[in-house]
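Data first, discussion second: the structure below is written as structure tokens.
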Amino acid sequence: MARQIRKGTTSMTTSQRQQGTIPEHGFGIRMESIGGLGANLAGKMLAEAGVLHMGLNGSQFSSYGSEKKGSPVTTYVRFTPGEQMIRVTEPIDYPDVIAVFHEARLRDPACTHGLSQGGILIVNTSRPPEEIWSEVGVKNATIVCVDATQIAIDERTRANTAMLGTICRAVEFLSPDAVKQSIEDAFGRKYKDMVQANVKTFDRGYEELRQQFFGEAPEVTRKGTVPTLNRGVHLMGGVITAAGNSIQKDLSGSRQGFLPEFKVESCINCAACDQVCPDFCFVWEDREDAKGRKFQYLVGIDYQYCKGCLKCIEACPTDALQKVREADDYADENRVAHVW
């Protein structure tokens, strides 16, 4: 059974945490992320901290498809007491803790599937626990929210070490000193100038969180599109009549916290952005110019197809496109949809 942290819990000293004991049956942590946020490295550092500095038995591995930014990544970390061997290498289907490194992953119901009763859900988000709870539908669980992306921006690091700090705060038997030592070991081998910045990122992740326990399940208002394809609408044999295309395509999960903001008043309609966009995100409209000639004007961005590569900002000769951090619901509220 996972140890619960409830709203109002005060910080514990390292010595107090070392008094906490790992459950006899072991402890499972599942990290849900996308490529580029460092979840795999975070899992490695966490497992090394438990094995090398805390006397635990531990294992870690990751599951992912093509190795590229934006692809879903799942990392698994197991711990058992030092005298108990780990004899399984299978995925952790029923974890005690689920740490979501990218909020868009919550759109997939499988992301939070299997969270143990009394478990802990940690989410990288600027939103409060109540809003996350209303979407994911978990019950008898503690939801912990930390703005790891903003911390990483401030410290010029990545969100992974901030998430490690929050995980250490949530799991009582984990020693913050041990994990920080693991961070120093990992970065000290190749990136010595990044050690202190990542330790500070860890400390901020440990302190700057919001947490609340929820006993009942909410009426779920999950965001995102649920595919409607099923046996009743498929053609015989699951034939796809328009190969390589899908109305369900949504690349929002690939964005790593940033997207282009469009200022129509500064746009000169030069189409430099459209020429470098790999996913045809820009929406144009035929109008007449001042001389009555037909001309194409840029009217907005279809953020459903935008993966946040930001190549358009580099190409724009004006300030019509600006890099901004993706705020809650910004993409949905400012999306100009393509009419295919």
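What's counted below: heavy atoms across the whole structure, side chains too, no hydrogens, waters or symmetry copies.
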Legend entry - In one Ile/Leu/Val/Met/Phe/Trp/Tyr side-chain cluster, 4.5 Å: Ile313, Phe262: yes
Legend entry - Side-chain donor/acceptor of Thr318 to backbone N/O of Ser266, under 3.5 Å: yes
Inset, instruction - Using modelled atom types only, decide if a donor and an acceptor are shared between the side chain of Ser175 and the backbone of Ala178 within a distance under 3.5 Å. - result: yes
Inset, instruction - Check the surroundings of atom CZ in Phe295: do more than 12 heavy atoms from other residues, nucleotides or ligands lie under 6.0 Å from it? - result: yes
Inset, instruction - Assert yes or no for the condition that the ring centre distance of Phe173 to Phe27 is strictly below 6.0 Å. - result: yes
Inset, instruction - Tell me whether the guanidinium CZ or amine NZ of Arg325 lies under 6.0 angstrom from the six-membered ring centre of Phe258 and within 45° of its axis. - result: no
Inset, instruction - Without swapping roles, check the side chain of Arg30 against the backbone of Ile92 for a donor-acceptor pair under 3.5 Å. - result: yes
Inset, instruction - With rounding to the nearest 0.5 Å, note down the distance linking CD1 in Ile301 to SG in Cys281. - result: 7.5 Å
Inset, instruction - State the CD-CD distance between Glu131 and Glu103, to the nearest 0.5 angstrom. - result: 9.0 Å
Legend entry - salt bridge (Lys or Arg N to Asp or Glu O under 4.0 Å) against Asp154, all qualifying residues, sequence neighbours excluded: Arg204
Legend entry - Test: Glu184 and Lys192 ion pair at under 4.0 Å: no
Inset, instruction - Please confirm whether Lys180 makes a cation-pi placement over Phe202, using NZ or CZ under 6.0 Å from the six-membered ring centre and within 45° of the ring normal. - result: no
Inset, instruction - For Glu24, look at atom CD and say whether over 12 heavy atoms of other residues, nucleotides or ligands are found less than 6.0 Å away. - result: no
Inset, instruction - Report yes if some heavy atom in the side chain of Asp177 is under 4.5 Å from a heavy atom in the side chain of Gln181; otherwise report no. - result: no
Inset, instruction - Apply the test side chain to side chain contact (heavy atoms under 4.5 Å, CB included) to residues Trp284 and Asn269: give CA-CA distance (whole Å), side-chain angles for both, the deciding distance (0.1 Å), then the verdict. - result: CA-CA 9 Å; Trp284 299 83; Asn269 302 294; 4.2 Å; yes
Legend entry - Same apolar cluster (I L V M F W Y, side chains within < 4.5 Å links), Ile29/Val51: no
Inset, instruction - Could you tell me which non-hydrogen atom of Thr89 sits nearest to which non-hydrogen atom of Arg78, and how far apart they are? - result: C-NH1, 4.4 Å
Inset, instruction - Take Leu115 and Tyr94, measure what side chain to side chain contact (heavy atoms under 4.5 Å, CB included) needs, and give me the verdict at the end. - result: CA-CA 5 Å; Leu115 183 65; Tyr94 300 97; over 6 Å; no
Inset, instruction - Cation-pi check, Arg287 to Tyr297: give yes when NZ or CZ is under 6.0 Å from the six-membered ring centre and within 45° of the ring axis, no otherwise. - result: yes
Inset, instruction - Treating Ile, Leu, Val, Met, Phe, Trp and Tyr as nodes and any side-chain heavy-atom pair under 4.5 angstrom as an edge, say whether Leu41 and Val199 lie in one connected cluster. - result: yes
Legend entry - Shortest non-hydrogen separation from Ala152 to Ala159 and the atoms involved: CB-N, 3.6 Å
Inset, instruction - May I ask you to test the Ser71-Ile34 pair for a side-chain heavy-atom distance under 4.5 Å? - result: no
Legend entry - Lys/Arg N to Asp/Glu carboxylate O, Arg107 vs Glu135, below 4.0 Å: no
Inset, instruction - Taking the side chain as every heavy atom from C-beta outward, state whether Leu46 and Gln60 have any pair of such atoms under 4.5 Å apart. - result: no
Legend entry - Tyr330 atom OH, over 12 foreign heavy atoms within 6.0 Å: yes
Legend entry - Shortest non-hydrogen separation from Gly215 to Asn140 and the atoms involved: O-OD1, 2.9 Å
Inset, instruction - Measure the CD1-OG1 distance between Ile143 and Thr112 for me, rounded to the nearest 0.5 Å. - result: 9.0 Å
Inset, instruction - Answer yes or no: is there a side-chain heavy-atom contact under 4.5 Å between Leu310 and Pro260? - result: yes
Legend entry - Separation between CD of Gln150 and CD of Glu208, rounded to the nearest 0.5 Å: 9.5 Å
Legend entry - Audit row: Thr142, Val144, side chain to side chain contact (heavy atoms under 4.5 Å, CB included) steps and yes/no: CA-CA 6 Å; Thr142 298; Val144 183; 4.0 Å; yes
Legend entry - Near-ring test Tyr303/Tyr305, centroid separation under 6.0 angstrom: no
Legend entry - Whether Arg158 side chain and Gly36 backbone form a donor-acceptor pair below 3.5 Å: yes
Legend entry - In one Ile/Leu/Val/Met/Phe/Trp/Tyr side-chain cluster, 4.5 Å: Phe101, Leu209: yes
Inset, instruction - Please examine the side chains of Glu216 and Lys139, heavy atoms only from C-beta on, and report whether any two atoms are closer than 4.5 Å. - result: no
Legend entry - Partner set under side-chain hydrogen bond (donor to acceptor under 3.5 Å, both in side chains) for Ser59, not counting sequence neighbours: none
Legend entry - Side-chain donor-acceptor pair present, Asp332, Gln304, cut-off under 3.5 Å: no
Legend entry - Atom pair CG/CD1 of Asp203 and Ile151 - distance to nearest 0.5 Å: 10.5 Å
Legend entry - Exercise: identify the closest heavy-atom pair between Gly188 and Val195: N-CG2, 3.7 Å
Legend entry - Under 3.5 Å: donor-acceptor pair, side chain of Asp108, backbone of Ala110: yes
Inset, instruction - Flag the pair Lys307 / Asp279 as yes when at least one side-chain heavy-atom distance between them is below 4.5 Å, and no otherwise. - result: yes
Legend entry - Single-linkage hydrophobic cluster, 4.5 Å side-chain cutoff, Leu321 and Leu298 together: yes
Legend entry - Donor-acceptor under 3.5 Å (Gln322 side chain, Asp319 main chain): yes
Inset, instruction - Measure the spacing between SG of Cys145 and CG of Leu121 and express it to the nearest 0.5 Å. - result: 8.0 Å
Inset, instruction - Determine whether Gln296 and Glu285 make a side-chain contact, defined as any pair of heavy atoms from C-beta on separated by less than 4.5 Å. - result: no
Inset, instruction - Determine, for Glu32 against Arg105, whether the closest basic-nitrogen to carboxylate-oxygen distance falls under 4.0 angstrom. - result: yes
Inset, instruction - Give the minimum heavy-atom separation between Leu37 and Asn160, together with the two atoms involved. - result: O-CB, 3.4 Å
Inset, instruction - Kindly say whether Thr80 contributes a backbone atom to a donor-acceptor pair with the side chain of Asn57 at under 3.5 angstrom? - result: no
Legend entry - Check: Asp96 side chain, Gly28 main-chain N or O, donor-acceptor pair, under 3.5 Å: yes
Legend entry - Check: Ser182 side chain, Met45 main-chain N or O, donor-acceptor pair, under 3.5 Å: yes
Inset, instruction - Report the C-alpha distance between Thr125 and Ile132 in whole Å, list the side-chain angles of each, state the deciding distance to 0.1 Å, and finish with yes or no for side chain to side chain contact (heavy atoms under 4.5 Å, CB included). - result: CA-CA 9 Å; Thr125 179; Ile132 301 299; 4.1 Å; yes
Inset, instruction - Taking Asn124 for its side chain and Asp147 for its backbone only, find out whether a donor-acceptor pair lies under 3.5 Å. - result: no
Inset, instruction - Check whether any side-chain heavy atom of Val336 lies under 4.5 Å from a side-chain heavy atom of Asp302, and answer yes or no. - result: no
Inset, instruction - Could you tell me which non-hydrogen atom of Thr166 sits nearest to which non-hydrogen atom of Gly205, and how far apart they are? - result: OG1-O, 2.7 Å
